Amino acid sequence: MSRNPRLGIWLMVAAVAAFAAQDGFSRYLATEYNTLMVVMVRYWVFAGFVLLLALRRPGGMRAAVASRHMPVHVARALLLVGEICVIVWGYTLIGLIESHAVFAICPLLIAAFSGLILGERIIWQRWLAIGAGMIGVIVILRPGMGVFTPAALLPLAAAVMFGLYSILTRLTTRDEPTFPSFFWPGVIGAVVMTVLGLPNWQPVAVTDMPLLAVYTVLSIFSHWLLLKCYEQIEASRVQPYAYLQIVFVTGIGMTVYGETLSPLVALGAGIIIAAGLYALSLERAAKT
């Protein structure tokens with residue numbers, strides 16, 4: 001039951017705006033330095049955040065993070081590490097706009113994986129929406145038209161990894177609280193990224209230190225806003241507003257980085273978003 005739906009909606013809008021700003025900083029920092037180092041710093045802050053939350057949980061930290069699904073949490077952490085590294089790398093190669101346009105297929109991939117992996121029943125209308133979403137991706141990537149590059153597959157690979165991560169999250173939250181599913185990817189991911197990132201450490205220019213500081217603050221603030229959002233309203237009711245991230249990212253890409261929104265990318269993203277909203281409407285109808 002929603003506590004304050006209007007506040008929840010505004011918190012979701014603020015959260016996706018913060019995530020978009022974080023992506024903007026990711027694009028700059030990963031261009032100036034290397035992706036592994038940038039993601040490592042992000043994970044350090046994220047791990048500190050979830051550790052602080054765990055210490056403040058009722059019953060103490062040990063009770064808060066206890067889980068019967070540790071192998072699954074390890075797999076989830078590795079998928080999330082891979083997804084973040086790949087999508088940030090994609091920002092540096094093809095830009096924010098095209099990366100997010102392709103990544104928008106993720107909710108539809110989650111729907112497909114729920115049937116293929118979890119055995120959930122998927123009605124033909126939902127498969128139709130998934131197929132339409134893939135057509136949108138093809139419109140964006142334009143294979144065979146001379147403009148396709150292998151780098152354009154990076155956000156698609158990131159969407160697949162995040163989709164699998166989300167499906168495994170459903171598995172872990174079926175029979176235990178959600179907090180361990182939030183805690184362990186942050187902590188395990190920080191360990192993995194420290195191993196990968198420290199050998200690739202580069203000195204940070206004095207002029208970039210404030211930007212790196214803002215980037216790390218945003219990484220906490222965006223997740224905090226999302227947590228507060230879900231305290232006020234059900235996740236399914238605010239999911240349509242998550243697509244605003246594409247709007248915010250497009251604005252950042254065009255105004256800050258001089259990226260362009262080509263008609264075919266806009267068309268493909270529109271197809272994907274429309275298909276995602278249609279699939280969400282089917283889910284709501286099934287619940288009622």
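Bear in mind the structure is a predicted one, so any value in this text is a computation, not a measurement.
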(message) For a 4.5 angstrom cut-off between non-hydrogen side-chain atoms, does Tyr91 reach Leu154?
(response) no
(request) Rounded to the nearest 0.5 Å, what's the gap from CG on Leu109 to CD1 on Ile167? Could you check? (result) 10.0 Å
(message) Rounded to the nearest 0.5 Å, what separates atom CD1 in Ile122 from atom CH2 in Trp127?
(response) 4.5 Å
(request) Would you mind reporting whether Val265 and Ile97 have side-chain heavy atoms less than 4.5 Å apart? (result) yes
(request) Look up atom OG1 in Thr255 and atom CD1 in Ile252, then write down how far apart they are to the nearest 0.5 Å. (result) 7.0 Å
(request) Could you state whether Ile273 and Tyr278 fall into the same hydrophobic cluster, counting links through intermediate Ile, Leu, Val, Met, Phe, Trp or Tyr residues with side-chain heavy atoms under 4.5 angstrom apart? (result) no
(message) Can a donor-acceptor pair be found, under 3.5 Å and without considering hydrogens, that links the side chain of Trp184 to the backbone of Ala77?
(response) no
(request) Mind running side chain to side chain contact (heavy atoms under 4.5 Å, CB included) on Leu153 and Leu141 for me, showing each step along the way? (result) CA-CA 8 Å; Leu153 293 175; Leu141 297 182; 4.1 Å; yes
(message) Quick one, Val38 with Phe25, criterion side chain to side chain contact (heavy atoms under 4.5 Å, CB included). Give me CA distance, side-chain angles, the key distance, then yes/no.
(response) CA-CA 10 Å; Val38 172; Phe25 281 99; over 6 Å; no
(request) Give the C-alpha distance, both sets of side-chain angles, the deciding distance and a yes or no for side chain to side chain contact (heavy atoms under 4.5 Å, CB included) between Leu225 and Cys229. (result) CA-CA 6 Å; Leu225 286 170; Cys229 166; over 6 Å; no
(message) Would you say the rings of His223 and Phe49 are close, in the sense that their centroids are separated by under 6.0 Å?
(response) no
(message) Between Leu36 and Met40, is there a side-chain heavy-atom distance shorter than 4.5 Å?
(response) no
(request) Tell me, with the steps shown, if His73 and Phe183 meet side chain to side chain contact (heavy atoms under 4.5 Å, CB included). (result) CA-CA 9 Å; His73 288 311; Phe183 175 87; over 6 Å; no
(message) I'd like to check Thr172 versus Leu168 (side-chain heavy atoms, cut-off strictly below 4.5 Å). Are they in contact?
(response) no
(message) Keeping Gln232 on the side-chain end and Leu7 on the backbone end, is there a donor-acceptor pair under 3.5 Å?
(response) no
(request) Treat each ILVMFWY residue as a node, draw an edge where side-chain heavy atoms are under 4.5 Å apart, and state whether Val195 and Met37 are in one component. (result) no
(message) For the CH2 atom of Trp44 and the OG1 atom of Thr194, what is their distance to the nearest 0.5 Å?
(response) 5.5 Å
(message) Would you say that Pro185 contacts Thr169 through its side chain, given a criterion of any heavy-atom pair below 4.5 Å between the two side chains?
(response) no
(message) Strictly distance-based, threshold 3.5 Å: is any side-chain N or O of Tyr257 a donor or acceptor partner for the main-chain N or O of Gly24?
(response) yes
(message) Just by distance, no angles: are the side chains of Ser181 and Thr173 close enough, under 3.5 Å, to form a donor-acceptor pair?
(response) no
(message) With a 3.5 Å distance limit and no angle check, can you tell me whether Gln245 reaches the backbone of Val16 through a side-chain donor-acceptor pair?
(response) no
(request) State whether the side chain of Arg68 and the backbone N or O of Asp175 hold a donor-acceptor pair below 3.5 Å, judged by distance alone. (result) yes
(message) Rounded to the nearest 0.5 Å, what separates atom CG in Leu261 from atom CE in Met254?
(response) 6.0 Å
(request) Answer yes or no: is there a side-chain heavy-atom contact under 4.5 Å between Ile272 and Ile140? (result) yes
(message) When you measure from the side chain of Asp23 to the backbone of Val249, do you find a donor-acceptor pair of N or O atoms at a distance under 3.5 Å?
(response) no
(request) Measure the shortest side-chain to side-chain distance between His69 and Leu171 over non-hydrogen atoms and say whether it is less than 4.5 angstrom. (result) no
(message) Rounded to the nearest 0.5 Å, what separates atom CD1 in Ile220 from atom CG in Leu52?
(response) 8.5 Å
(request) Answer yes if Leu96 and Tyr243 sit in the same cluster of Ile, Leu, Val, Met, Phe, Trp and Tyr residues linked by side chain heavy atoms under 4.5 Å apart, and no otherwise. (result) no
(request) Treat each ILVMFWY residue as a node, draw an edge where side-chain heavy atoms are under 4.5 Å apart, and state whether Leu29 and Val206 are in one component. (result) no
(message) Angle between ring planes, His100 versus Phe103, binned at 30° and 60°: parallel, tilted or perpendicular?
(response) perpendicular
(request) Establish, yes or no, whether a centroid distance under 6.0 Å links the rings of Tyr165 and Phe162. (result) yes
(message) Would a single hydrophobic cluster contain both Val160 and Ile105, if residues Ile, Leu, Val, Met, Phe, Trp and Tyr are joined by side-chain heavy-atom contacts under 4.5 Å?
(response) yes
